[in-house]
Amino acid sequence: MMVNLLNNNAMRTHFLPIISFVSLFLFYGCTKEIHPYETPKTGIPFEIIASTPESKTINENLNTKWAANDCIILFHSVAGLNTYESDGKFTIPVSLLGSNRFTGSLHSALNQNQSYDWCMYYPYKNSLTSPENNKQAVFTIGAEISKKQSQTGNDSMSHLAGENFPMYGCVSNILGSNMPNITMNHLSSVVEVEVVNELDEDISVTGVDFIANENIVGNYYIDATSNPVTYTDVSEDAASKVASLSVTGADALKKTKSAKFYLGIRPFVAKSGNKLTVKVGASSAKGPGIHIKEYDLSKDFTFSAGKIKTLKVKYNTPLEKEEVLWSETWDNGKSGSKPSVYDKS
């Protein structure tokens, strides 16, 4: 579980589009260290170094690091043959946090004159026996449908972390005598809902729902080796069209002030002619209220893996909770003018 240093020191694997993995080979069975380009034998410990890139990302100026006991699963195959075998779990112990080294063991020896393909997934899944994931391992995106995502305070991104935000990385045709350099990519997207208070009284946001026309959160079989990456619902009731976020400890927003709230979702394309809906719950001196906005799409709207898409909501016509009969096509004029939609990817 990665730590997000700016937002929450207890959180995990912050949302970064890429993480670079470089492999080193060490032999612990005796005092001699194997040269990095020598071929390790079966069962000899294998180490990878995970470091965040120096280049800027969509989440600029965020400082993250791995937390003790984060795990990935590693696979390798002779190049081009797609005969992947699992090398099992690789873990970063607390003693190696400073060097970002994950430790594990290769399943079989490498031939230094042979080229190999490599793939890995975060988080570690014991049931995953190949990177194609033929309905072997279940990955959760955002949250299971029985649960809500949770944000503490305004503008916090620290919950965009951990095992509900999986990653993968693959690289091809690496000579066995060379150290593989694998780039990790995120398998989830993020919706940023910016709430602007247009009421005369202060409001504190208590929750946000984001609703699409297809399933966007829940449990999936993910094949990251396909192009594009494929996401298959585990079952009819294992994924949902509604991403729900619970907000606690939010500071009150005065009139014209805004705050941002974040939900992890499965990457998808909202097609032209469809609708996206956002429901914002807030409390004020007058009591709780709900504000609902619909977005009519005049063009395709893409929520890409590893990127943030922003919807701006002007909170100006709250409804009494007991008056709301929720549906995905709620549109009776009470929601006020439609806010702007803009792309932050």
Side-chain angles (χ1 to χ4, degrees), residues 15-18 56-60 133 139-143 145 149 157 160 164-168 170 183-196 208-234 236 238-245 258 260-280 291-314 326-333 335-345:
F15 198 88
L16 283 175
I18 59 173
K56 290 184 178 180
T57 69
I58 57 167
N59 291 332
E60 293 183 337
N133 191 16
F139 289 88
T140 300
I141 295 206
I145 62 172
Q149 300 175 53
M157 302 175 73
L160 305 179
N164 290 348
F165 293 84
M167 298 183 294
Y168 79 99
C170 292
T183 298
M184 298 296 285
N185 303 276
H186 274 272
L187 291 165
S188 54
S189 183
V190 169
V191 178
E192 177 187 81
V193 177
E194 182 179 1
V195 180
V196 182
V208 177
D209 284 354
F210 174 73
I211 300 92
N213 289 336
E214 60 185 89
N215 291 338
I216 54 173
V217 293
N219 292 336
Y220 297 91
Y221 298 118
I222 300 175
D223 178 5
T225 65
S226 63
N227 187 16
V229 174
T230 58
Y231 300 78
T232 304
D233 296 0
V234 170
E236 291 183 1
S240 174
K241 300 176 182 179
V242 182
S244 294
L245 176 72
S258 66
K260 297 174 181 178
F261 305 92
Y262 299 91
L263 302 96
I265 62 169
R266 175 183 66 82
F268 79 107
V269 178
K271 297 293 187 180
S272 174
N274 287 336
K275 295 180 185 292
L276 297 174
T277 307
V278 175
K279 179 175 71 171
V280 177
H291 186 73
I292 300 172
K293 291 284 189 179
E294 267 192 353
Y295 303 82
D296 293 307
L297 301 181
S298 59
K299 63 178 182 179
D300 290 356
F301 206 52
T302 302
F303 296 83
S304 300
K307 295 187 178 181
I308 297 173
K309 192 77 74 173
T310 299
L311 303 176
K312 191 172 184 179
V313 175
K314 298 177 182 178
W326 178 247
S327 70
E328 292 179 25
T329 57
W330 188 90
D331 188 12
N332 60 8
S335 63
S337 60
K338 290 183 174 62
S340 61
V341 180
Y342 61 97
D343 187 347
K344 194 182 178 182
S345 63

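Partners of T230 according to the side-chain contact (heavy atoms from CB on, under 4.5 Å) rule, which considers only residues two or more places apart in sequence or in another chain, are D223, S226. Applying the ring pair (Phe, Tyr, Trp, His ring centres under 6.0 Å) criterion to F268, with sequence neighbours excluded, gives F303. With sequence neighbours excluded, no residue forms a ring pair (Phe, Tyr, Trp, His ring centres under 6.0 Å) with Y168. With sequence neighbours excluded, the residues that form a side-chain contact (heavy atoms from CB on, under 4.5 Å) with P166 are P123, F139, I141, L187, I222. Applying the side chain to side chain donor-acceptor pair (under 3.5 Å) test to N274 and every residue at least two apart in sequence or in another chain returns N213. A search for side chain to side chain donor-acceptor pair (under 3.5 Å) contacts involving S240 returns nothing, not counting sequence neighbours. Considering only residues two or more places apart in sequence or on other chains, Y220 meets the ring pair (Phe, Tyr, Trp, His ring centres under 6.0 Å) condition with none of them. Scored by the side-chain contact (heavy atoms from CB on, under 4.5 Å) test, V269 finds K271, D300, T302 as partners (sequence neighbours excluded).
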Exercise for the section: Give the intermediate values and the outcome of side chain to side chain contact (heavy atoms under 4.5 Å, CB included) for residues V196 and K312. Expected result: CA-CA 8 Å; V196 182; K312 191 172 184 179; 3.6 Å; yes
Exercise for the section: Please lay out, stage by stage, how V313 and Y295 fare under the test side chain to side chain contact (heavy atoms under 4.5 Å, CB included). Expected result: CA-CA 10 Å; V313 175; Y295 303 82; 3.1 Å; yes
Exercise for the section: Check step by step if side chain to side chain contact (heavy atoms under 4.5 Å, CB included) holds for V208 and L263. Expected result: CA-CA 8 Å; V208 177; L263 302 96; 4.0 Å; yes
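With hydrogens and angles ignored, the 3.5 Å screen pairs a side-chain donor or acceptor of S189 with a backbone N or O of K307. A donor-acceptor pair under 3.5 Å is formed between the side chain of S272 and the backbone N or O of S298. Without hydrogens or angle criteria, H291 side chain to K314 main chain gives a donor-acceptor distance under 3.5 Å.
Listed by first and then second residue, the salt bridge (charged side-chain N to carboxylate O under 4.0 Å, His left out) pairs involving residues 211-220 are E214-R266 (not counting sequence neighbours).
Salt bridge present: K275 and E294 bring a charged side-chain N and a carboxylate O closer than 4.0 Å.
Here E192 contributes atom CD and L160 contributes atom CG; the two are 10.0 Å apart, rounded to the nearest 0.5 Å. Summarising the geometry, atom NZ belonging to K260 is positioned 12.5 Å from atom CG belonging to L311; distances are rounded to the nearest 0.5 Å. Here the CD1 atom belonging to I216 is positioned 13.0 Å from the OH atom belonging to Y231, to the nearest 0.5 angstrom. In this structure, the separation between OH on Y262 and CG on L245 is 11.5 Å, given to the nearest 0.5 Å. Rounded to the nearest 0.5 angstrom, K309 NZ and L276 CG are separated by 10.5 Å.
Listed here is the closest heavy atom pair of S188 and P267: CA-CD, 4.0 Å. Shown here for N164 and A143, the closest heavy-atom pair between the two residues is ND2-CA, 3.9 Å. Contact between Q149 and A243 at its shortest, heavy atoms only, is NE2-CB, 4.4 Å.
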